[in-house]
Amino acid sequence: MTLGVKLGHTLAFTADGEDADAALKGMVEAVRAGLGEEVVPAPLESEAPALAANERLVVVRNPHGLHARPGAMLVQAAKKFEADIQVRNLDGDGHSVSAKSLMKVISLGVKAGHQLVFKAEGSDAEAALAGLVEAVNSGLGEELVPLAAAPVAEAEQPEIHQVHDIAPNTEVQGVAASPGTAIGPVFVEAPIQFDYPEKAADAAAEQGKLSAAIKQAHSDLADSVVKATQPQAREIMAMHQELLDDPSLAEGAAERMSKGLSAAAAWWSEIDSAATLQAASPDALLAERAADIRDIGRRVMAILCNTSLPQKPDTPYIWVAEDIGPSDVVNMDPAKVLGMVTAGGGASSHSAILARSLGIPALVAMGGAVMTLKQGTEVILNGEAGTLWVAPEAEQLAQAKVRQQQEKALAEKAWASRDQHATTRDGHRMEICANLGETAKAVEAVEAGAEGVGLLRTEFVFMAQSSAPGLEAQIAEYKKAIDALDGRPLVARTLDVGGDKPLPYWPVPKEENPFLGVRGIRLCMQKPELLETQLRALLTAAGDQPIRIMFPMVADWSEWRWAKDMFDKVQAEVQAKDVQVGIMVEVPSAALNAQVFAEEADFFSIGTNDLTQYTLAVDRGNGELASLSDGLNPAVLRLIKMTVDAAHAKGKWVGVCGELGSDPKALPLLVGLGVDELSVSLKRVPMVKAQVRDWSLSACQQLAEQALLASDANAVRALVGEAK
Ligand code: PEP
Ligand code: MG
């Protein structure tokens with residue numbers, strides 16, 4: 001019991017007695033057979049690499065190999081020693097790199113089960129070797145997998161479709177992300193599996209295959225560029241062509257082929273290392289290019305392995321995927337996508353926000369089972385109830401079709417009255433504005449009946465560039481929205497980056513908890529000139545038009561004072577005519593101290609996405625916790641009430657610009673709590689206006705009072721359901 005035997009350890013059995021021989025043989029066989037577990041092919045003695053006296057071998061058991069985080073831990077461990085330490089991956093191409101360079105370590109493409117050899121030279125070489133072996137064996141900050149269960153190479157992974165199954169005519173509960181009913185066949189975008197030999201004898205022949213495949217992929221992309229209907233899709237494909245032209249990928253693969261790898265194995269390991277390296281980049285935009293590298297990698301692999309990439313159907317479908325990101329949406333044809341379903345994500349995750357901005361019914365956090373659906377299975381997606389009805393029977397289908405017709409009629413009615421005010425039955429007027437991520441959409445917002453822009457996420461101006469945009473460029477950008485709004489107010493949020501979304505030209509140290517780290521206004525305080533230029537640009541662009549400026553992630557009075565001083569200084573110079581300056585309430589401390597902030601701030605805009613995340617301690621993008629992440633939790637509602645009461649006591653106004661404003665069940669509560677303005681995704685503007693007209697302020701106030709006393713978000717939802 002106390003031997004503490006680990007993988008790779010040597011056991012010696014001794015036996016006495018008349019069947020000692022048989023016992024020893026039996027024991028050796030039993031251990032070799034795995035003692036009831038699958039065994040990893042450990043190097044046989046004859047295959048074990050010959051190691052020099054200053055070398056040590058260790059097997060990596062981190063589930064995803066040495067990706068950025070464990071890689072960084074390894075490098076830190078190596079840097080503690082004076083010795084020159086080299087490391088090579090016996091299961092990669094075998095070349096040695098410095099163990100003190102993260103880029104180099106990551107470039108080894110170390111996966112679970114790979115064998116690393118450390119070599120050290122110098123005064124503390126012996127201690128360095130022992131320390132590094134110990135560091136790898138203790139997991140480099142990660143939990144280790146037993147090697148028998150280590151993920152197998154990508155090409156050998158089991159078919160994901162065999163993992164689960166959903167019985168026909170079953171309703172699966174997820175999280176509602178974008179309202180509406182969609183009925184149609186699913187297209188499940190499962191990760192593709194490639195089948196290829198690892199080794200090949202004729203390097204020249206393999207080289208020929210790879211060159212031909214790259215050429216073919218290039219010409220396929222050129223065709224797609226010509227056919228693409230959306231300009232953004234065209235740009236992405238042109239960028240992929242450029243990536244394919246990058247000689248370093250082909251050269252890296254050629255080197256691997258010269259060492260005996262097949263074309264496919266060489267190409268994929270080159271792509272994998274390049275993408276891993278890219279993903280480790282501390283700047284978010286560069287890190288996102290990893291997905292592009294893998295994308296072109298897959299194109300070439302599909303040709304090499306004669307595998308067809310999943311083709312989206314030509315007829316309308318409900319798109320099912322693990323997750324859906326901005327670049328997926330760029331490539332999609334909104335006319336064909338009836339609905340979106342993701343296995344992961346949360347109600348305020350990117351895929352949910354994207355779906356709402358496109359006006360497509362969507363569900364998130366459905367769990368892995370949805371990935372097992374058979375292609376073409378008919379489903380009913382209920383974007384209000386958060387359910388997916390799989391292979392429905394005629395009765396459910398008929399009901400869903402009726403609901404869809406009703407929704408269509410309501411949407412048409414709402415669109416027809418989009419230019420009327422949003423006034424409750426008893427005469428209380430709400431202001432309904434649009435959330436924008438790009439200034440160019442302001443025209444559409446006005447067309448949809450928005451009374452202004454309630455949240456302009458100005459990050460887009462900064463994130464699309466390789467360096468900070470200058471004053472003139474920013475003025476031109478903001479003017480686009482101000483001109484389109486034609487006298488309606490523009491609420492612009494100053495730069496909200498950092499932590500989980502750093503800027504390429506503004507490296508920030510990696511943080512353990514980026515959501516609790518240097519984000520929003522905290523980051524701007526480190527680069528005052530950036531905020532100053534932005535404020536100058538916003539105020540100048542506004543001229544005599546109404547502009548409201550607000551600061552994100554304000555948690556403390558000192559942050560507000562700092563930002564407000566900067567604003568006052570710039571405004572004293574620019575003297576824009578119609579200006580208000582406010583605070584985004586997204587951290588509970590801002591709501592709790594709203595009375596103090598209301599002394600100085602002209603308005604508050606409640607960012608319920610972050611306010612919910614920080615109040616309930618639930619990561620907004622974590623699919624597993626999505627059902628907890630509900631802004632209708634009475635705790636969040638209480639913070640909203642505190643904010644409204646504090647603001648109104650000082651004659652200031654309060655908006656809600658988080659996703660909660662688009663939730664029909666939240667609407668009467670926000671009205672009842674006294675919120676003055678709702679800023680919602682552009683496509684929801686006509687419907688939110690119509691929904692306000694359906695309620696009376698007195699009913700909303702009663703409901704809000706009850707909701708504040710409810711036990712949880714479900715009870716609040718039930719209350720609203722009963723009231724309607
Ligand atoms: C919010 O947190 O609610 C918000 C509107 O800001 P973002 O979603 O951009 O963080
Ligand atoms: Mg926020």
Side-chain angles (χ1 to χ4, degrees), residues 177-178 284 325-326 345-357 364 432-439 441 445 452-463 490-503 513-524 548-555 559 563 582-591 603-622 626 629-633 635-637 639-640 643 654-663 666 670 675 677-682 684 688:
S178 178
S348 39
S349 63
H350 284 298
S351 42
I353 294 176
L354 277 168
R356 270 192 290 270
S357 70
V364 295
I432 310 299
C433 297
N435 286 350
L436 294 192
E438 330 162 38
T439 44
K441 293 265 180 180
V453 166
L455 166 65
L456 176 69
R457 290 180 161 102
T458 59
E459 299 79 82
F460 79 99
V461 187
F462 291 79
M463 298 193 89
L490 167 69
V491 182
R493 165 174 81 189
T494 59
L495 187 59
D496 182 19
V497 294
D500 59 321
K501 39 179 183 175
L503 281 176
N513 293 303
F515 277 125
L516 302 181
V518 187
R519 287 187 72 184
I521 195 68
R522 300 173 187 174
L523 192 64
C524 283
R548 296 18 183 154
I549 295 176
M550 59 184 181
F551 303 107
M553 294 294 302
V554 172
E559 295 162 337
I583 290 177
M584 263 192 100
V585 176
E586 5 185 35
V587 183
S589 62
F603 69 97
F604 293 129
S605 182
I606 307 179
T608 50
N609 307 337
D610 277 317
L611 188 62
T612 305
Q613 149 163 284
Y614 294 128
T615 304
L616 301 174
V618 172
D619 178 340
R620 61 195 265 186
N622 185 334
S629 171
D630 192 331
L632 285 192
N633 186 300
V636 181
L637 297 179
L639 292 171
I640 296 176
T643 309
V654 178
V656 164
C657 62
E659 295 301 312
L660 201 62
S662 296
D663 182 339
L670 298 175
V675 168
E677 176 243 37
L678 294 175
S679 190
V680 300
S681 61
L682 192 165
R684 295 284 303 156
V688 170

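Along the sequence shown, residues are numbered consecutively beginning with 1. Counting starts at 1 for both ligands and their atoms, following the listed order. These numbers come from the heavy atoms of this one structure, side chains and all, not from hydrogens, waters or symmetry mates. The structure presented is a predicted model; accordingly, all values stated were derived computationally and were not measured.
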### Query
Is V656 close to S605 at the side-chain level, that is, under 4.5 Å between some pair of heavy atoms?
no

### Query
Does L456 reach the side chain of T439, with side-chain heavy atoms less than 4.5 Å apart?
yes

### Query
Any idea which protein heavy atom is nearest atom 6 (O) of ligand 1, and the distance to it?
R493 NH1, 2.9 Å

### Under 4.0 Å to a heavy atom of C657 - the qualifying atoms of ligand 1, by number
5 (C)

#### Entry: Beyond-backbone contact of L670 with L678, side-chain heavy atoms, under 4.5 angstrom
yes

### Query
Are the charged groups of R684 and D663 less than 4.0 angstrom apart, N to O?
no

### Task
Would you check whether T608 has a nitrogen or oxygen atom less than 3.5 angstrom from a nitrogen or oxygen atom of ligand 1?
yes

### Query
If you measure from the Lys or Arg side-chain nitrogens to the Asp or Glu carboxylate oxygens, is any gap between E438 and R457 under 4.0 Å?
no

### Query
Quick check: does D496 put an N/O/S atom under 2.8 Å from the Mg ion (ligand 2)?
no

### Message
Taking 4.0 angstrom as the limit and counting only heavy atoms of R620, give me the atoms of ligand 1 inside it, by number and element.
### Response
2 (O), 7 (P), 8 (O), 10 (O)

### Summary
Correct closest heavy-atom pair for E659 and T608 would be N-OG1, 3.6 Å

### Message
If I apply the N/O under 3.5 Å rule, does E659 come out as touching ligand 1?
### Response
no

### Query
Does at least one non-hydrogen atom of E459 fall below 4.0 angstrom from an atom of ligand 1?
no

### Query
Which single N/O/S atom of E586 lies at minimum distance from the Mg ion (ligand 2)?
OE1

### Message
Distance under 4.0 Å to a non-hydrogen atom of M584: what atoms of ligand 1 satisfy this?
### Response
4 (C), 5 (C), 6 (O)

### Query
Looking at the Mg ion (ligand 2), which N/O/S atom of D610 is the nearest one?
OD2

### Query
Is the closest side-chain donor-acceptor distance between S679 and N435 under 3.5 Å?
yes

## Note on the structure
One finds that the ligand 1 atoms under 4.0 Å from a non-hydrogen atom of E586 are 1 (C), 2 (O), 4 (C), 6 (O)

### Query
Are R493 and L455 close enough that some pair of their side-chain heavy atoms sits under 4.5 Å apart?
yes

### Message
side chain to side chain contact (heavy atoms under 4.5 Å, CB included), that's the test. Do F603 and V491 meet it? Break it down for me.
### Response
CA-CA 10 Å; F603 69 97; V491 182; 4.0 Å; yes

### Part of M553 within contact of ligand 1 (heavy atoms, under 4.0 Å)
neither

#### Entry: ligand 1 versus L455: contacting region, heavy-atom distance under 4.0 Å
side chain

